[in-house]
There are 2 protein chains.
Amino acid sequence: MGRKPGGATGRRAAGDVFHSDCPARMVLDHVTSRWGVLILTALRDNDLRFHQLRTCIEGISEKMLSQTLRLLLRDGLVRRTVVPASPPQVSYGLTSLGTAIAEPLDALIVRIGTHARHIMAAQTAYDSI
Amino acid sequence: MGRKPGGATGRRAAGDVFHSDCPARMVLDHVTSRWGVLILTALRDNDLRFHQLRTCIEGISEKMLSQTLRLLLRDGLVRRTVVPASPPQVSYGLTSLGTAIAEPLDALIVRIGTHARHIMAAQTAYDSI
DNA sequence: CAGCATCCTATTGGATACTG
DNA sequence: CAGTATCCAATAGGATGCTG
């Protein structure tokens, strides 16, 4: 992403452009999508089954859950395991790649949590103008 | 976020629920919105003016830029500085709060960049099934 | 230059119903 | 249980034109 030479790695330089056709932008969109963040961080500590995820992530619909899971599956961030039983048990977990991505996401959420009060104060201050 | 006791800080526990009405969820949505991520990381290294941001972030429209900036301004993540001149110069930068939030985001982008090839390989593998 | 207002389309996403 | 399919409402977001 960014400067052409140097391959896929490294920091961006100041004033660098985020190319809209960059494949990384697409992955970023999946990962930072409304439900992508929550799914990835929910799976951070342990595998979960479909309906556990649905319960764990308040507000998500079945449609969005399966849709987003499929996206993350395709990106190789999430792994799907089927235990053939009756009824069959399907569980989802992070791949090593998924863990690598989920880590900074988790850090982000923790940080937002830490500063939540501060942020809400900023909001009311802004609104009172 | 998460377990009721313990205030705004701390890690989430396994199986914890992401409450949809949590103010942190709202901030998370702003921050991880399609353009929010890009704006915050673009401002990571130095302040930028409106049209510099517009150029720097490929694909963003004026509308979404000003709209998202207003949101981040309200959350206290971004600071707006006006130099009264003719024409007036307005520049945007991160607050200390914004920097704290942008850090893990930047880590995320770097990580996606690092694994980009790996991810694209996973995609084509998935599609070939 | 820095931006807001309006219009209109495309995409997101929820509710519901149904299948293996 | 673990989803898929369809329909419809809400929102995101682009194009354009205008203001200080």
Side-chain angles (χ1 to χ4, degrees), chain A residues 15 18-21 25-39 42-43 47-75 78-93 126-127 129, chain B residues 15 18-21 25-39 42-43 46-75 78-93 126 129:
Chain A
F18 298 87
H19 297 287
S20 51
D21 56 349
R25 267 277 285 270
M26 210 195 52
V27 179
L28 186 66
D29 279 352
H30 297 170
V31 168
T32 64
S33 73
R34 181 149 177 227
W35 305 115
V37 197
L38 298 178
I39 291 177
L43 295 176
D47 291 18
L48 290 174
R49 296 175 48 183
F50 191 84
H51 266 81
Q52 288 182 305
L53 272 171
R54 181 125 164 58
T55 316
C56 175
I57 302 174
E58 198 172 84
I60 196 171
S61 65
E62 284 191 356
K63 180 187 175 182
M64 291 318 296
L65 180 53
S66 74
Q67 204 170 98
T68 311
L69 278 173
R70 227 177 303 145
L71 233 46
L72 298 175
L73 237 28
R74 191 177 108 96
D75 291 339
V78 166
R79 168 183 36 80
R80 195 183 115 115
T81 320
V82 185
V83 176
S86 174
Q89 298 191 351
V90 182
S91 64
Y92 295 90
Y126 184 95
D127 291 341
I129 300 176
Chain B
F18 298 87
H19 296 289
S20 51
D21 56 349
R25 268 278 283 271
M26 210 195 51
V27 178
L28 186 64
D29 279 353
H30 296 170
V31 168
T32 64
S33 72
R34 183 152 177 224
W35 305 116
V37 197
L38 298 178
I39 291 177
L43 295 177
N46 34 32
D47 291 19
L48 290 173
R49 295 175 50 184
F50 191 84
H51 265 81
Q52 288 181 306
L53 272 170
R54 183 127 162 56
T55 316
C56 176
I57 303 173
E58 200 172 83
I60 195 172
S61 66
E62 285 192 353
K63 181 188 174 180
M64 290 317 295
L65 179 53
S66 74
Q67 204 170 99
T68 310
L69 278 174
R70 228 177 304 145
L71 234 45
L72 299 175
L73 238 25
R74 190 176 108 97
D75 291 339
V78 166
R79 168 182 35 82
R80 195 183 115 114
T81 321
V82 185
V83 176
S86 174
Q89 298 191 351
V90 183
S91 64
Y92 295 89
Y126 184 96
I129 301 176

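Naming convention: chains lettered A, B, ... in sequence-line order (proteins, then strands); numbering from 1 in each chain. All values below were derived from every heavy atom in this structure, side-chain atoms included, with hydrogens, water molecules and symmetry-related copies excluded.
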**Study point:** Positions of residues 62-71 of chain B (non-hydrogen atom under 4.0 Å from DNA chain C), listed by number
**Key:** Glu62(B), Lys63(B), Ser66(B), Arg70(B)
Exercise for review: Can you tell me the distance, in whole Å, between the CD1 atom of Ile39(B) and the C1' atom of dG13(D)?
Suggested key: 13 Å
Review point. Leu73(B) CG to dC4(C) P: how many Å, rounded?
Key: 10 Å
Point to revise | Proximity to the side chain of Arg80(B) - top-ranked nucleotide from dG3(D), dA2(C), dC1(C) | key: dA2(C)
Check your understanding: Thr55(B) and His51(B): which non-hydrogen atoms are nearest, and at how many Å?
Key -> OG1-O, 2.6 Å
Practice item. Would you kindly compare Gly59(A) and Pro88(A) by the position of their nearest DNA chain C nucleotide and give the one closer to the 5′ end? Key: Gly59(A)
Return all side-chain donor-acceptor pairs below 3.5 angstrom for residues 59-70 of chain B, not counting sequence neighbours, or 'none' if the list is empty.
unit_1   : atom_1 : unit_2   : atom_2 : d
Ser61(B) : OG     : Met64(B) : N      : 3.2
Ser66(B) : OG     : Lys63(B) : O      : 3.3
Thr68(B) : OG1    : Met64(B) : O      : 2.7

Exercise for review: Assess whether side chain to side chain contact (heavy atoms under 4.5 Å, CB included) is satisfied between Leu71(B) and Val78(B), documenting all intermediate values.
Suggested key: CA-CA 9 Å; Leu71(B) 234 45; Val78(B) 166; over 6 Å; no
Review point. Just to confirm, is there a sub-4.0 Å distance from OP1 or OP2 of dC1(D) to any side-chain nitrogen or oxygen of Arg49(A)?
Key: no
Review point. Which whole-number value in Å describes the distance from Phe50(B) CZ to dG20(D) P?
Key: 17 Å
Review point. What integer distance in Å separates Asp29(A):CG from dA12(D):P?
Key: 15 Å
Review point. Can you tell me how far P of dT12(C) sits from CH2 of Trp35(B), to the nearest Å?
Key: 13 Å
Check your understanding: Is the distance from OP1 or OP2 of dG14(C) to the nearest side-chain N or O of Arg54(A) less than 4.0 Å?
Key -> no
Point to revise | Any Arg34(B) side-chain N or O less than 4.0 Å from OP1/OP2 of dT11(D) | key: no
Point to revise | Protein-nucleotide distance (Leu38(A), atom CG; dG13(C), atom P), rounded to Å | key: 11 Å
Review point. Do you know which two heavy atoms are closest between Glu58(A) and Trp35(A), and how far apart they sit?
Key: O-CZ3, 4.2 Å
Check your understanding: For Arg34(B), what residues pass the side chain to side chain contact (heavy atoms under 4.5 Å, CB included) criterion, not counting sequence neighbours?
Key -> Asp29(A)
Point to revise | For Ala42(B) against Leu53(B), the heavy-atom pair lying closest together | key: CB-CD2, 4.0 Å
Check your understanding: To the nearest Å, how far apart are Glu58(B) CD and dG14(D) P?
Key -> 13 Å
**Study point:** Gln89(A) CD - dG3(D) C1' separation (whole Å)
**Key:** 15 Å
Review point. Can you find a pair of side-chain heavy atoms, one from Gln89(B) and one from Val82(B), that are under 4.5 Å apart?
Key: no
